[in-house]
Asker: 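Got a structure here, written out as structure tokens. Questions coming.
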Amino acid sequence: MIKRVFFYITRKKGKTLILLLTLFVISTFVLTGLSILAAADQSALSLRQSVGGSIKLERDMDNSQNWTYQQGVGGVLVDYTGTPITDADIEKVMSVKGIRDYNGIGDGSVFAMDFSFIPGINFGQTRDYSRLPSVSDSEYFNYFRRGAFQLVEGRHITPEDDHVVLISTALAERNGLKLGDTITVQCSYDAGGYPDVSLKIVGIYEVTMDDGQFNTTSTDKRNRLIIDHKAMQEIMMHDVIQYDNGVEFFVDDPRDIDKIAAQIQKLDLDWNCFKLTVDNTAYEAVASSLTAMQNMVTGLIIGMVIVSIGILTLILNMWIKQRTHETGILLSIGVSKVKIVAQYILETLMIAVIAFGLSYFSSGAIAQGTSNLLFSQVAETQPIPEIETPDDGTEYLDITGQYIPYDTSNMVAPDSVEVHVTAEHLLWVYLLGMVICTVAVVLASLPVVKMKPKNILSQMS
């Protein structure tokens, strides 16, 4: 059989050359596609790890059984009576594989005792106050993560801090404050009797977002004091640290975020009071072009494989029909149909081995250019993901920053994908190519194989 294969492909030089060029072109496109897809996957992995994603464990606002409502001096007082999120709950969630860090967010409201807030619109004769968050790690706080605040002096708050605060540059200038100074605040709730609490300034941030012109003192972002949880505990006179605005858990790879959320959902937590919110917006904001490119290249590879099988089948079917005389002779001397088809397969594979090897060099020459072309095309058509905001205006009262759009200007959003054709990619082409060639030969041989030997012999003339 091997001798017959060798003699055929050397004697039929024209057909051999046509098949060689066909397989060369097909393997070049497939190898280029695999190389681009692998490069896009690697870029996506690096991007996912740098941008990250978060899963927020928070109180279930929709379950009315966890809340009480009563009329107060300034309106309706809403009080949470359900299970609070505690450090024990955080510890359980942190045990889930794939979570790298967390940031708990507390909630309070204070008067300025020895300094003054920047005044805003006042709807009555009430004293100026401002809401404030407490954080585990201010670097993970949404206002900083999404570029609305930028630390310009000092440092961020860490889990080890005790009674420290970050203030804005505007508030520092208004009151002549600097790093190391202390300010005093007091809870502004109607119940009264709250202590004065001193806070040490460890960082000063600049507000980079446009906050509009119609702010109350409480909603003005320049008045936002960011403090640690121990300080919040004393201000609000809580027995334990409370995370009233939930806890954000940050994952290593946003691609696994839904799987990680499902594992958290299985933990022994009070799910009558808690709920999970998955936030993958940051990755989507910078990776839409990359994701679209991955989908496009995957589709092209699948399409190329299908088209390749079709083209090869048509070419080989035509040639095998032309070899009816040869097939009849082989049958007449006792060669089985299986061995005849095996010969055709071996002929094709011998040519394919050379064609696939040559495609390594051609793919290396065109892969990067093709990648740049595809990336530029998909990048122009991708919309920028938007943060979904409520239609009742409650985003203006939010102190967590969850409705702030991501500032992608400083994110490492790829503008191209660096492609390298490797031996591993070539190996995949060989494996995939051999399967394609084998399938194509078998399909092309079916009409002849199904014929009875005497019919084949009768057509020899």
Asker: side-chain hydrogen bond (donor to acceptor under 3.5 Å, both in side chains) with Thr83: which residues, sequence neighbours excluded?
Answerer: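 If we apply the side-chain hydrogen bond (donor to acceptor under 3.5 Å, both in side chains) test to Thr83, skipping adjacent residues, the hits are Asp270.
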Asker: When you check the side-chain N and O atoms of Thr277 and Glu58, is any donor under 3.5 Å from an acceptor?
Answerer: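 Distance-only check passes for Thr277 and Glu58.
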Asker: Please enumerate all residues that pass salt bridge (charged side-chain N to carboxylate O under 4.0 Å, His left out) together with Asp60, with sequence neighbours excluded.
Answerer: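 For Asp60, no residue satisfies salt bridge (charged side-chain N to carboxylate O under 4.0 Å, His left out) once neighbours in sequence are set aside.
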Asker: With sequence neighbours excluded, what pairs up with Arg174 under the salt bridge (charged side-chain N to carboxylate O under 4.0 Å, His left out) test?
Answerer: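 Counting only residues at least two positions away or on another chain, Arg174 forms no salt bridge (charged side-chain N to carboxylate O under 4.0 Å, His left out).
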Asker: Under the salt bridge (Lys or Arg N to Asp or Glu O under 4.0 Å) rule, what pairs show up with a residue in residues 422-438, not counting sequence neighbours?
Answerer: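 Counting only pairs at least two positions apart or across chains, no salt bridge (Lys or Arg N to Asp or Glu O under 4.0 Å) contact touches residues 422-438.
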Asker: Quick one: ring pair (Phe, Tyr, Trp, His ring centres under 6.0 Å) pairs with a partner in residues 152-184, sequence neighbours left out?
Answerer: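 Found Phe144-His156.
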Asker: Strictly by modelled atom types, are Ser362 and Ser359 linked by a side-chain donor-acceptor pair under 3.5 Å?
Answerer: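 Per modelled atom types, Ser362 and Ser359 side chains form no pair under 3.5 Å.
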Asker: Decide yes or no for Ile167 and Leu199: does some side-chain heavy atom of the first lie under 4.5 Å from some side-chain heavy atom of the second?
Answerer: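 When only atoms from C-beta onward are counted, Leu199 and Ile167 do not touch, as no gap falls below 4.5 Å.
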Asker: Would you call Asp279-Lys56 a salt bridge at under 4.0 Å N-O?
Answerer: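 Looking at Lys56 together with Asp279, the answer is no, because their closest N to O distance does not fall below 4.0 Å.
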Asker: Do Gln150 and Thr208 have side-chain N/O donor and acceptor atoms under 3.5 Å apart?
Answerer: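 No, no side-chain donor-acceptor contact under 3.5 Å.
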Asker: Counting only N and O atoms by type, is there a donor-acceptor contact under 3.5 Å from the side chain of Asp220 to the main-chain atoms of Thr217?
Answerer: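 It does not hold such a pair.
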Asker: Can you name the residues that form a side-chain hydrogen bond (donor to acceptor under 3.5 Å, both in side chains) with Thr313, not counting sequence neighbours?
Answerer: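 Per chain and number, Thr313 pairs via side-chain hydrogen bond (donor to acceptor under 3.5 Å, both in side chains) with no residue.
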Asker: Is Phe24 atom CZ crowded by more than 12 heavy atoms from other residues, nucleotides or ligands, each under 6.0 Å away?
Answerer: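 For Phe24, atom CZ is crowded (more than 12 foreign heavy atoms under 6.0 Å).
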Asker: How would you list, by chain and number, every residue that makes a salt bridge (charged side-chain N to carboxylate O under 4.0 Å, His left out) with Asp161, sequence neighbours excluded?
Answerer: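 Applying salt bridge (charged side-chain N to carboxylate O under 4.0 Å, His left out) to Asp161 gives Arg155.
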Asker: Checking Thr169 against Glu206 for the side-chain hydrogen bond (donor to acceptor under 3.5 Å, both in side chains) test, could you report, in this order, the C-alpha distance in whole Å, the side-chain angles of both residues, the deciding distance, and whether it holds?
Answerer: CA-CA 5 Å; Thr169 53; Glu206 182 180 13; 5.5 Å; no
Asker: If the condition is side-chain hydrogen bond (donor to acceptor under 3.5 Å, both in side chains), which residues does Ser188 pass it with, not counting sequence neighbours?
Answerer: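 Ser188 satisfies side-chain hydrogen bond (donor to acceptor under 3.5 Å, both in side chains) with Ser109 only.
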Asker: Taking the side chain as C-beta and beyond, is there a heavy-atom pair between Leu443 and Val441 under 4.5 Å?
Answerer: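 The answer is no; the side chains never approach within 4.5 Å.
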Asker: Taking Asp228 first and then Lys230, would you say they form a salt bridge - that is, a charged N and a carboxylate O separated by under 4.0 Å?
Answerer: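 No salt bridge links Asp228 with Lys230.
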Asker: Please identify each residue that fulfils side chain to side chain contact (heavy atoms under 4.5 Å, CB included) with Ser130, with sequence neighbours left out.
Answerer: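 Residues passing side chain to side chain contact (heavy atoms under 4.5 Å, CB included) with Ser130: Phe117, Asn223, Arg224.
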Asker: Among residues at least two apart in sequence or on other chains, which ones pass salt bridge (charged side-chain N to carboxylate O under 4.0 Å, His left out) with Asp196?
Answerer: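 If we apply the salt bridge (charged side-chain N to carboxylate O under 4.0 Å, His left out) test to Asp196, skipping adjacent residues, there are no hits.
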Asker: Would Ile85 and Leu57 count as a side chain to side chain contact (heavy atoms under 4.5 Å, CB included) here? Give the steps.
Answerer: CA-CA 8 Å; Ile85 301 174; Leu57 178 69; 4.2 Å; yes
Asker: So, using side chain to side chain contact (heavy atoms under 4.5 Å, CB included) as the criterion, who are the partners of Ser136 when residues are at least two apart?
Answerer: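 By the side chain to side chain contact (heavy atoms under 4.5 Å, CB included) rule, Ser136 matches Tyr102, Asn103, His229, Tyr243.
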Asker: Would you please name every residue forming a side-chain hydrogen bond (donor to acceptor under 3.5 Å, both in side chains) with Lys200, sequence neighbours left out?
Answerer: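 Per chain and number, Lys200 pairs via side-chain hydrogen bond (donor to acceptor under 3.5 Å, both in side chains) with no residue.
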